[in-house]
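So the structure is just underneath, and the comments pick up after that.
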Amino acid sequence: MAGKHALNIVKMKRMKQEGEPISMITAYDYPSAVLAEEAGVDMILVGDSLGNVVLGYNTTIPVTLDDMVYHSRAVARGAEHTFIVTDMPFMTYHGGINETLGSVRRIMQEGHAHAVKMEGGAEIADTIKIIVQSGVPVLGHIGLTPQSVNQIGGYRIQGKDEADAKRLLEDARALEQAGAFGIVLELVTEEVAAYISSQLSIPTIGIGAGRGCDGQVLVYHDVLKYTSNYRNKRFVKTYGDIGEQIRNSITAYVQEVKARQFPAEEHVFAAEDGVLDNLYGKGKAESNS
Ligand code: KIV
């Protein structure tokens, strides 16, 4: 967006203090990034949800570091003036710290992100501390953490009972202390998400976590119904139906090709008068013989 300066983590904290909501949407390629930036979004997330919505997997687990770097770089080319956070994919931050820092380096240097996002609570706080100390901003992610779907036992709402609420608050505090600049709260009950947000000095970004978060994030393909089989989700509001528009447009194209209606006169290019006669016409053939 012309004249726009990318948000940074200091401004984000100020937005929380001043009560200005932070808007975030995922993007996975150049055109989605250009459009998100033109629309004026505060932050773009290159989410590993690309495994589901772009690559056609059932979970985010098969997404690789190469996938994230590739998509992040395309997004960075499209949204040069927007703060870009890129997901660390499954199992790229649970081994040795050197391996973790190597993965972070690739996302920042090759993927051109401004920050990384990592799923997990207190158990990854030490790792986050080291990444932050190395100069890389980290966005935490607690509540429903899709990379652990097999351990959590499905895509379930978090923070329904006291024990869960306590665990989420402790995790949020551990991430804040480790130096995370913000925390995504995914599929968390509204009361618990609002309370956690009120207890932190860093912003919370909710997805399915209600109205008390400091910002909101949604998946690009959900906002736009950019799929052939969109399944309604309670926490999503759809603002367009791009899937339907794409299907109708391609159907019309196919029909017009079959009916020889496309291309029409206005889509074709004309050569100079007599060009074929001069090249291959009778008079030319005779003069060549
Ligand atoms: O990968 C993703 O898109 C995410 C959002 C759902 C927060 O992590």
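In each ligand, atom 1 is the first atom listed, and ligand 1 is the first ligand listed.
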For atom 4 (C) of ligand 1, which of the options Val219, Leu45, Leu187 provides the nearest non-hydrogen atom? Leu45
So that I know where these two stand, are Tyr28 and His71 an aromatic pair - ring centroids less than 6.0 Å apart? no
Against heavy atoms of [X], which atoms of ligand 1 measure under 4.0 Å?
| X | result |
| --- | --- |
| Ser49 | 1 (O), 2 (C), 3 (O) |
| Lys117 | 4 (C), 8 (O) |
| Gly47 | 1 (O), 2 (C), 3 (O) |
| Thr26 | 3 (O) |
| His141 | 8 (O) |
| Asp48 | 1 (O) |
| Asp87 | 1 (O), 2 (C), 8 (O) |
| Ile207 | 6 (C) |

Determine, for [X] against [Y], whether the closest basic-nitrogen to carboxylate-oxygen distance falls under 4.0 angstrom.
| X | Y | value |
| --- | --- | --- |
| Arg105 | Glu110 | yes |
| Arg106 | Asp66 | yes |
| Arg167 | Asp164 | yes |
| Lys166 | Glu162 | no |
| Arg211 | Glu190 | yes |

Determine whether the side chain, the backbone, both or neither of Glu119 has a heavy atom under 4.0 Å from any heavy atom of ligand 1. neither
Do the rings of Phe262 and His267 sit parallel, tilted or perpendicular, given the 30° and 60° boundaries? tilted
